[in-house]
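Here is the structure we will look at, set down as structure tokens.
Numbered from 1 within each chain, the chains take letters A, B, ... in sequence-line order.
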Amino acid sequence: MTESLAGAVLVAVAALLTVSAAAAIVRTIRGPSLLDRVLAIDVLLSVVSAALITEMAVNGHQNNLVLVVVICLVGFIGSVTVARFVIDRRPHEH
Amino acid sequence: MNIDLLLDLASAACLVIGALMSLAAAIGLLRFPDLLSRMHAATKPQVFGLLLLLTGLGLQLRSWAVVPLLAIAWLFQLLTVPVSAHMVGRSGYRTKHLRKDTLSEDELDAVVQKAAADPAGDGAAARVGREGPAVAAQPTLRERPNP
């Protein structure tokens, strides 16, 4: 990739992913339920893998490619595990 | 216009649009009202965004050796995202983390009502109803004769 195009892509993608990660962290903090937090953490994980892929594309190496594959493979285990054990803690009217 | 510049531009477009998918998911996470609509937004970077980013990476590396690895990454994502979405959606429905007024149709509601009206739990509706599929496997196990 030419120098100027690579720099422009890196700045644009970094800005977009920073805003996305910040929004996902805000949703993780605010909740309101555990499942919302799990969902936001999933989005945060996909933002991280997007950053890894972009960095590889801009710098032209493939050091982190296996890491991206592993994230795709095991990324779902956390949310499945948490979702299995969710109980409703809110007060009920009945 | 030479082919290298063309591939570079295509790769850059793929990367930026893939990052835009992440931004769309983040905006959806912040602004959508309940869990199910937030799940709808969160899927965008996980499937389509990842496809765009991997395509951009493949166009940039320009080596056939990495294409199987990129395809494997996307295929595994395609296999595992529905599993976690199913589990999160199921426990979200059971713990009532959803707004019924935003649903256009709730197909599970009739089944749950039928199961709640049949406390013996031997009806077919009860098997997929209140207790859910994980517990619903037990009646069929009980009916099996002892060896």
Under 4.5 Å from a heavy atom of chain B, the part of A/T81 involved: neither
If you measure from OG on A/S46 to CG on B/L50, what distance do you get to the nearest 0.5 Å? 8.0 Å
In Å and rounded to the nearest 0.5 Å, what is the CE to CD1 distance from B/M21 to B/I17? 7.0 Å
Select one option (side chain, backbone, both, neither) describing which atoms of B/L35 are under 4.5 Å from chain A's heavy atoms. both
Measure distances from B/L57 to the heavy atoms of chain A and classify the residue's part below 4.5 Å as side chain, backbone, both or neither. both
If you count heavy-atom pairs within less than 4.5 Å of chain B, which of A/S33, A/A12, A/S49, A/A51 leads? A/S33
Working note: A/L35 + B/S91, criterion side chain to side chain contact (heavy atoms under 4.5 Å, CB included); need CA distance, chi angles, decisive distance, verdict. CA-CA 8 Å; A/L35 292 166; B/S91 58; 3.5 Å; yes
Among A/C72, A/A14, A/A23, which residue forms the greatest number of heavy-atom pairs with chain B at distances under 4.5 Å? A/C72
Can you say whether B/L70 sits under 4.5 Å from chain A via the side chain, the backbone, both, or neither, judging by heavy atoms? side chain
If a pair satisfies side chain to side chain donor-acceptor pair (under 3.5 Å) and one of its residues is in residues 9-30 of chain A, list it, with sequence neighbours excluded. none
If only atom types and distance count, is the side chain of B/Q77 paired as donor or acceptor with the main-chain N or O of B/Q46 below 3.5 Å? yes
